[in-house]
Visitor: 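Following this message is one structure expressed as structure tokens.
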There are 2 protein chains.
Amino acid sequence: MSTAHNLLLEHIGRHLSFSAAEEKRLLSLLQERSLKPKQFLHHEGEVQKSQVFVTSGCLRSYAIDHNGFEHILQFAPAGWWIADMQSLLDQAPGKLIIDAIQASTFLQISRSDLDRLYDELPGLERHFRLLLERSVVTYQNRLLDNLSLSARERYENFCKAYPSLIRELPQKQVAAYIGVTPEFLSRMLNQPATAKG
Amino acid sequence: MSTAHNLLLEHIGRHLSFSAAEEKRLLSLLQERSLKPKQFLHHEGEVQKSQVFVTSGCLRSYAIDHNGFEHILQFAPAGWWIADMQSLLDQAPGKLIIDAIQASTFLQISRSDLDRLYDELPGLERHFRLLLERSVVTYQNRLLDNLSLSARERYENFCKAYPSLIRELPQKQVAAYIGVTPEFLSRMLNQPATAKG
DNA sequence: GCCCGGACTTAACCTAGATCATTTCCCAAG
DNA sequence: CTTGGGAAATGATCTAGGTTAAGTCCGGGC
């Protein structure tokens with residue numbers, strides 16, 4: 001069993017435990033793949049056929065608005081799932097782009113196989129239900145942050161939430177995540193915060 | 001069986017079918033309640049103990065930021081679930097407020113009962129997994145809209161998404177949902193859109 | 001070693017939307 | 001009917017963050 005498989009089983013194991021047979025069945029439907037930096041997993045307008053569990057490196061999903069600006073929805077370092085979920089659910093062309101920001105490896109499972117597995121392994125459905133609950137909360141919090149915090153506060157939140165990513169990411173990608181222009185983020189970081197107290 | 005119960009079973013029935021015994025078991029754990037306009041279901045700082053399926057009227061969840069502004073996360077008309085999900089999952093004090101914007105009735109189920117039901121009725125877990133998937137997509141889209149659209153575009157989106165609500169809601173609540181001040185929304189609506197074409 | 005392109009910086013200027021203050025409107029309570 | 005309080009309108013002014021346009025600073029390919 002590969003280390004990629006181990007990482008996935010370990011993650012699932014945080015919620016529940018599978019029998020050896022169940023683990024084997026799950027792994028049999030997963031495909032190991034990799035991407036080099038800047039290679040794409042999913043293009044705008046494509047139909048997403050499978051979802052992906054990152055085992056090393058880091059992927060990201062983002063959309064391009066009508067002014068050509070990127071807005072990053074998610075970073076997916078090792079241990080995270082990523083997909084254009086809207087496209088995956090509707091089996092319709094998506095508006096997200098997914099690419100690798102570092103050399104990355106991942107496990108892939110098709111939607112139809114996963115649907116089959118949900119019937120065979122109810123524990124897996126439990127696992128995803130729990131992940132989805134957390135995911136909803138995360139997006140709710142991010143939405144509230146965007147509605148109520150200043151750019152600087154959102155930047156500070158990002159640093160707290162992703163202390164490892166902040167070191168590896170180019171500044172412009174942080175800008176595209178927190179929702180400001182790269183120029184503004186640069187200016188902000190090179191100006192002292194307004195003195196307080 | 002009440003009409004409230006019927007509404008819930010009909011909604012669940014869109015995804016799957018329960019036996020009569022399963023339906024009975026589910027309904028046995030639901031409590032019928034109601035709220036008058038402006039009454040609260042959940043206050044900031046409280047621990048959310050149960051989640052709620054609205055059967056008539058409309059609830060909303062919102063947070064108050066450090067400037068005292070309300071930001072509405074969700075409207076829940078009949079047929080929608082609502083809760084302070086973060087508080088519910090962590091069983092920790094929440095930051096959301098939930099109240100009724102109209103006279104409303106709803107069915108309530110405690111987190112512990114629902115957890116029990118997930119074990120007894122795997123179909124229910126399926127149902128919520130599917131709802132959560134849609135919910136994630138909805139929040140993703142709303143986040144992208146907030147990052148890339150103008151206030152007017154977000155207003156138009158809102159009108160399309162909630163054509164019935166737009167007629168019933170005071171303008172200031174629409175403002176608190178799309179993320180602008182009531183003053184600005186008012187001015188925007190009374191000024192012609194910049195002519196195009 | 002040179003050149004290119006992408007990441008970052010900086011500065012001047014611009015604008016969507018916020019803030020503040022005043023007024024009007026409406027309707028529900030007395 | 002009148003009153004008072006919230007919802008909306010409206011005008012003047014302000015500002016966080018966007019836009020445009022140079023420039024600098026790399027690192028990587030040839």
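Given the structure is predicted, the values throughout are model-derived calculations rather than measurements. Reminder, nothing fancy here: chain letters follow the sequence lines and each chain counts from 1.
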Visitor: Just how far, in rounded Å, is P of C:dT15 from CE of B:Met188?
Guide: 19 Å
Visitor: Taking DNA chain C as the partner, which of residues 56-69 of chain A come within under 4.0 angstrom of it by heavy atom?
Guide: none
Visitor: Once side-chain hydrogen bond (donor to acceptor under 3.5 Å, both in side chains) is applied, do any residues pair with B:Asn146, and if so which ones, sequence neighbours excluded?
Guide: none
Visitor: Which residue pairs pass the salt bridge (Lys or Arg N to Asp or Glu O under 4.0 Å) test with at least one member in residues 126-139 of chain B, sequence neighbours excluded?
Guide: A:Asp90-B:Arg134, A:Asp119-B:Arg126, A:Glu125-B:Arg126, A:Glu125-B:Arg129, B:Arg129-B:Glu133
Visitor: Side chains of B:Gln51 and B:Gln108: donor-acceptor distance under 3.5 Å anywhere?
Guide: no
Visitor: In whole angstrom, what separates A:Ile101's CD1 from C:dG6's C1'?
Guide: 16 Å
Visitor: Are side-chain heavy atoms of A:Phe106 and A:Leu41 found at a separation under 4.5 Å?
Guide: yes
Visitor: What's the CG-C1' distance between A:Leu147 and C:dG17, to the nearest Å?
Guide: 14 Å
Visitor: Can you tell me which residue pairs pass the side chain to side chain donor-acceptor pair (under 3.5 Å) test with a partner in residues 179-188 of chain A, sequence neighbours excluded?
Guide: none
Visitor: Scan A:Glu70, A:Arg142, A:Arg60 and name whichever one has a side-chain contact (heavy atoms from CB on, under 4.5 Å) with A:Tyr177.
Guide: A:Arg142
Visitor: Please tabulate, one pair per line, each protein N/O and nucleotide N/O from nucleotides 9-12 of chain C that are separated by under 3.5 Å, including the distance.
Guide:
unit_1	atom_1	unit_2	atom_2	d
C:dT9	OP1	A:Asn190	ND2	3.4
C:dT9	OP2	A:Gln171	OE1	2.9
C:dT9	OP2	A:Gln171	NE2	3.3
C:dT9	OP2	A:Ser186	OG	2.8
C:dT9	O5'	A:Ser186	OG	3.3

Visitor: For A:Gln140 and B:Gln86, does a side-chain donor sit closer than 3.5 Å to a side-chain acceptor?
Guide: no
Visitor: Who pairs with B:Ser19 by side chain to side chain contact (heavy atoms under 4.5 Å, CB included), at least two apart in sequence or on another chain?
Guide: B:Ala21, B:Glu22
Visitor: A:Phe128 and A:Trp81: ring pair (Phe, Tyr, Trp, His ring centres under 6.0 Å), yes or no, with the steps?
Guide: CA-CA 10 Å; A:Phe128 276 97; A:Trp81 287 93; 5.1 Å; yes
Visitor: Restricting to side chain to side chain contact (heavy atoms under 4.5 Å, CB included), what partner residues turn up for A:Pro170, sequence neighbours left out?
Guide: A:Lys172, A:Gln173
Visitor: Please find the earliest and latest nucleotides of DNA chain D, in the 5' to 3' direction, that have an atom within less than 4.0 Å of any heavy atom of chain B.
Guide: D:dA7 to D:dA12
Visitor: In degrees, rounded to 10°, what is the bend between the two ends of the helix from C:dG1-D:dC30 to C:dG30-D:dC1, using five pairs at each?
Guide: 40°
Visitor: Among residues at least two apart in sequence or on other chains, which ones pass side chain to side chain contact (heavy atoms under 4.5 Å, CB included) with B:Ile166?
Guide: B:Tyr155, B:Phe158, B:Cys159, B:Val174
Visitor: So which residues get pulled into B:Val136's cluster when ILVMFWY side chains under 4.5 Å apart are joined, directly or through others?
Guide: A:Leu73, A:Met85, A:Leu89, A:Leu96, A:Leu132, A:Val136, A:Val137, A:Tyr139, A:Leu143, A:Leu144, A:Leu147, B:Leu73, B:Met85, B:Leu89, B:Leu96, B:Leu132, B:Val137, B:Tyr139, B:Leu143, B:Leu144, B:Leu147
Visitor: How would you list, by chain and number, every residue that makes a side-chain hydrogen bond (donor to acceptor under 3.5 Å, both in side chains) with B:His71, sequence neighbours excluded?
Guide: B:Asp65
